**Student:** 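Next up is a structure, given as structure tokens.
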Amino acid sequence: MVEIELDGQKVEVLEGSTVMHAAEKAGTYIPHFCYHKKLSIAANCRMCLVDIEKAPKPMPACATPVTQGMIVRTKNDKAIKAQKGVMEFLLINHPLDCPICDQGGECQLQDLAVGYGGSESRYEEEKRVVFHKDVGPLISMEEMSRCIHCTRCVRFGQEVAGVMELGMSHRGEHAEIETFVGMSVDSELSGNMIDICPVGALTSKPFRYSARTWELSRRKSVSPHDSTGANLIVQVKSNKVMRVVPLENEDVNECWIADRDRFSYEALNSDERLSAPMLKQGGEWKTVDWQTALEYVANGLKQIKTDYGAASIGTLASPHSTLEELYLAASLMRGLGSDNIDYRLRNAEFAPSGAVRWLGTSIASLSQLQRVLVVGSNLRKDHPLFAQRIRQANRKGCVVSTVNSDIEFAGGDAWAMPVANAVIGTPESWAQSLADLASAIAAEKGVQAPASGQATDTAKMLAKSLMGGERKAILLGNAAAHHANASSLLALANWIGAQTGATVGYLTEAANTVGAQLVDALPTGKGLNAGQMLGGKLKAVLLLNNEPEFDSAAGAKAGASLNAAQMVVTLSPFKSNMAFSDVLLPIAPFTETPGTFVNAEGRAQGFHAVVKPLGETRPAWKVLRVLANLLDLPGFDFESSQDVLKQIAGIDAGQVNAARLGNASEAPVTLSSPGGGVPAVAGIYQLDGLVRRATSLQLTADARQAGAQPAVAQEVAA
């Protein structure tokens, strides 16, 4: 430790720390623009100049390392004069267009100019003008004349997103931040550049000119998309979601969110929203009241149960639904006498598991890994924030390896990090590739391999990598989880993990994949799985918050299967499944209902509604409760979602009980895949109904490459 004196106060910091770090520890604020705690030091704004005893001139606090006995003054005349001088230079060319700037009210330059700026400028020359740039549908660079060249956005791209999409060209007053050769900004984390820009140079294109920041109410929430469980601040005006920004949580999402977390709110205000119950009568859709719709559903379920038995009724539930919704959906089915409920819509194998599949380690630990093997995942697109953490580990020396297909892995550039060992083959070959790896490890350790394999040169290199280091993980991605031979992949991964000391876990696909397992939203007895239900074996189907044509492995075939049912009930925030549904019940999206999501590490995170439900929309937990009441099922007397949560066992102090979590597998290893073809995996902007209807996300390069969903494509064209 090194002790320094900062404004008369003794401060101890680690050797190698900077004056800025010492000031943060002491609770002393030093004005700055280019410094950011998650980015490398640039020291190019000079706003953090401080007076250091025996130094000939003021020094930048962000780039000056501490030394024993150093005496620093941050608020004496010398330091204040230097800081005011820098501010004067920054404002020479700044357009001073605060009245029309979207950043107004949350602009660091504006805030610091109050304390360090002059009342008038000594410069009368014309201000420099920088031509605007079009870099895509998410980020606006219309006012680059405001840029102060702090390079936060450039460093973010290089160091966090892993893609240097912005850079500085030219020098002096001709310097500009821009993309090169007319490229767009396509990173799945690009929206974070908006947050870290200290002036109004980079702003949100979808939010642009929609509201003033001081008009917005700020409410906490949790992302409903991938399994990170990113913490959000949802900003609301006049009962309408206007913007979504990150809420810092170092253990989960740090201070970042993915673009689909940030911009999917557009779907909440789209024309696709379902605002009242609808019944199909004579082939035409008619709006009805809730009582009529729910009685129709209840009477229909009773009649079908009488005619065909409870086993003819089933529910397909989305793992993006809340814990409370999934619990009630499962309870309703079992109350009717049916075990036909499943959230595993994209799975090709439905092997029973005695425990809840999860990440196998904490999310925060991904940043500290020394070795990682990723199996069957387009890591960067499936889990942007997990990829970001592994990228940080990679920058510190972590060796990244993968067993994948060329669809999931298009080279290290596609993952935006160096990949040391890549075994690329068809999904049918993944089990054999892991068996080869196991054989190489077995030969090295002198033990029996779990399956027949060949210790190829690639397998030996991968084995050598995994047997080195201390902090190691084997991570099974969405394609591995949905694989037709998923249980064999897990069994092989477990053997490899046991021999190398690596943790084994699933990245898990959706916001509540872990929660769905916790509440048994899957067959526990002789019930039908999702694949069987989508095969046309049901007379009555409840679709909770999903669109089988887009959200299941059946794809377009799902429509024909569901058309054969006597009654299909869709509970959705959107006008969806209209081709084969008989009833549409409008349920609230995550912004209009309280609920709980359980992320990949087993962390249960509750949230409240941030706006009132649209029109006649109701929270799904209420709809399911009332439907159960109409069906005369006992045990559905809940008054709030908290009452439902209290009935769910296995959560202690916001964390799933460790006894419930487990990735062990006793399934026999089968190297030949039993069919099923390419695993069903959603694209980054096709993951769920919200992102599919977010217009700006569907205009991105990733969405165009995958093909926008028909409903959104029509909306965009209009």
Side-chain angles (χ1 to χ4, degrees), residues 297 300-305 307-321 325-353 481-484 486 509-510 512-513 516-517 519-572 576-585 587 620 624 627 631 674-677 679-680 682 688-689:
V297 174
L301 291 175
K302 288 177 181 177
Q303 188 62 49
I304 289 171
K305 180 180 178 181
D307 294 344
Y308 303 100
S312 66
I313 303 171
T315 295
L316 294 167
S318 168
H320 299 276
S321 301
E325 292 163 2
L326 290 166
Y327 173 80
L328 289 177
S331 299
L332 188 148
M333 278 296 102
R334 293 184 174 113
L336 282 170
S338 171
D339 194 35
N340 302 333
I341 180 166
D342 209 343
Y343 75 93
R344 301 167 295 179
L345 305 183
R346 292 191 175 99
N347 285 32
E349 184 195 82
F350 301 91
S353 62
H482 303 161
H483 199 281
E509 179 185 38
N512 217 11
T513 299
Q517 299 171 76
V519 298
D520 291 328
L522 71 171
T524 56
K526 296 182 180 180
L528 301 177
N529 60 49
Q532 293 167 329
M533 284 190 268
L534 286 167
K537 295 189 176 182
L538 296 177
K539 296 297 182 181
V541 187
L542 274 65
L543 301 175
L544 176 59
N545 202 24
N546 67 85
E547 300 165 89
E549 291 176 305
F550 303 128
D551 293 328
S552 76
K557 297 177 182 177
S561 299
L562 291 169
N563 254 328
Q566 287 191 13
M567 184 172 73
V568 177
V569 182
T570 291
L571 293 83
S572 172
S576 59
N577 303 331
M578 298 183 79
F580 47 78
S581 293
D582 300 288
V583 187
L584 298 182
L585 302 178
I587 61 170
L624 292 167
L627 182 57
L631 289 165
D688 57 65

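All values below were derived from every heavy atom in this structure, side-chain atoms included, with hydrogens, water molecules and symmetry-related copies excluded. Nothing here was measured: the structure is a model prediction, and the numbers come from that model.
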**Student:** Please give me the minimum heavy-atom distance between Leu522 and Ala516, naming the atom from each residue.
**Tutor:**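 The pair with the smallest heavy-atom distance is CD2-O, 4.4 Å.
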**Student:** For the backbone of Leu543 and the side chain of Thr570, can you confirm whether one donor and one acceptor N or O come within less than 3.5 Å of each other?
**Tutor:** no
**Student:** Which heavy atom of Ala481 sits nearest to which heavy atom of Asn347, and what is that distance?
**Tutor:** O-ND2, 3.7 Å
**Student:** If only atom types and distance count, is the side chain of Lys305 paired as donor or acceptor with the main-chain N or O of Leu336 below 3.5 Å?
**Tutor:** yes
**Student:** Output yes when a side-chain donor or acceptor of Asn340 lies under 3.5 Å from a complementary backbone atom of Gly314, and no otherwise.
**Tutor:** no
**Student:** How long is the gap from CD on Gln303 to CD on Gln566, to the nearest 0.5 Å?
**Tutor:**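 Here the interatomic distance stands at 9.0 Å.
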**Student:** Would you say Leu544 and Ile587 make side-chain contact, with heavy atoms under 4.5 Å?
**Tutor:**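 In contact.
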**Student:** Between Leu571 and Leu624, does a side chain to side chain contact (heavy atoms under 4.5 Å, CB included) hold up when you go through it step by step?
**Tutor:** CA-CA 10 Å; Leu571 293 83; Leu624 292 167; 4.2 Å; yes
**Student:** Measuring from Leu345:CG to Asn529:CG, what's the distance to the nearest 0.5 Å?
**Tutor:** 11.0 Å
**Student:** Given Met567 and Leu301, is the side chain to side chain contact (heavy atoms under 4.5 Å, CB included) satisfied, shown in steps?
**Tutor:** CA-CA 8 Å; Met567 184 172 73; Leu301 291 175; 3.7 Å; yes
**Student:** Would you give the length of the straight line joining atom CG of Leu528 to atom CG of Leu538, rounded to the nearest 0.5 angstrom?
**Tutor:**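 Between Leu528 CG and Leu538 CG, I get 6.0 Å after rounding to 0.5 Å.
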**Student:** Where do Arg334 and Asp339 land on the side chain to side chain contact (heavy atoms under 4.5 Å, CB included) test, with the steps shown first?
**Tutor:** CA-CA 6 Å; Arg334 293 184 174 113; Asp339 194 35; 3.0 Å; yes
**Student:** Donor-acceptor check, side chain of Ser581 to backbone of Met578, threshold 3.5 angstrom: yes or no?
**Tutor:**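 Checked: no pair found.
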**Student:** For the side chain of Asn577 and the backbone of Asn546, is there at least one donor-acceptor N/O pair under 3.5 Å apart?
**Tutor:** yes
**Student:** Quick check on side-chain contact (heavy atoms from CB on, under 4.5 Å): which of Val569, Leu585, Ile341 does Leu542 satisfy it with?
**Tutor:** Val569
**Student:** Strictly distance-based, threshold 3.5 Å: is any side-chain N or O of Asp688 a donor or acceptor partner for the main-chain N or O of His320?
**Tutor:**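 No, the answer is negative, given that no donor and acceptor are paired below the 3.5 Å cut-off.
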**Student:** Can you name the nearest heavy-atom pair linking Ser561 to Gly536, along with the distance?
**Tutor:**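 Smallest heavy-atom distance, with atoms named: CB-N, 3.8 Å.
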**Student:** Does the side chain to side chain contact (heavy atoms under 4.5 Å, CB included) test come out yes or no for Asn512 and Tyr343, once each step is laid out?
**Tutor:** CA-CA 10 Å; Asn512 217 11; Tyr343 75 93; over 6 Å; no
**Student:** Does Phe580 offer a backbone N or O that forms a donor-acceptor pair with the side chain of Asn563 under 3.5 Å?
**Tutor:**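 Not confirmed, Asn563 side chain does not pair with Phe580 backbone.
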**Student:** On a heavy-atom basis, which atom in Ala330 and which in Asp520 lie closest, and how many Å separate them?
**Tutor:** CB-O, 3.9 Å
**Student:** Which residue in the set Ser321, Ser318, Pro319 passes side-chain contact (heavy atoms from CB on, under 4.5 Å) when paired with Leu326?
**Tutor:** Ser321
**Student:** What heavy-atom pair brings Ile313 and Ser338 nearest, and what distance separates the two atoms?
**Tutor:**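 Looking at all heavy atoms of both residues, the closest pair is O-OG, 2.7 Å.
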**Student:** Check whether any side-chain N or O of Thr315 sits under 3.5 Å from a backbone N or O of Ala317 as a donor-acceptor pair, and report yes or no.
**Tutor:**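 Between the backbone of Ala317 and the side chain of Thr315 there is no qualifying donor-acceptor contact (under 3.5 Å).
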**Student:** Any side-chain heavy atom of Leu534 sitting closer than 4.5 Å to one from Pro548?
**Tutor:** yes
**Student:** State, yes or no, whether a side-chain contact exists between Glu349 and Pro679 at a heavy-atom distance under 4.5 Å.
**Tutor:**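 No, too far: nothing below the 4.5 Å cut-off.
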**Student:** Between His482 and Arg346, what is the shortest heavy-atom contact and its length?
**Tutor:** CB-O, 3.4 Å
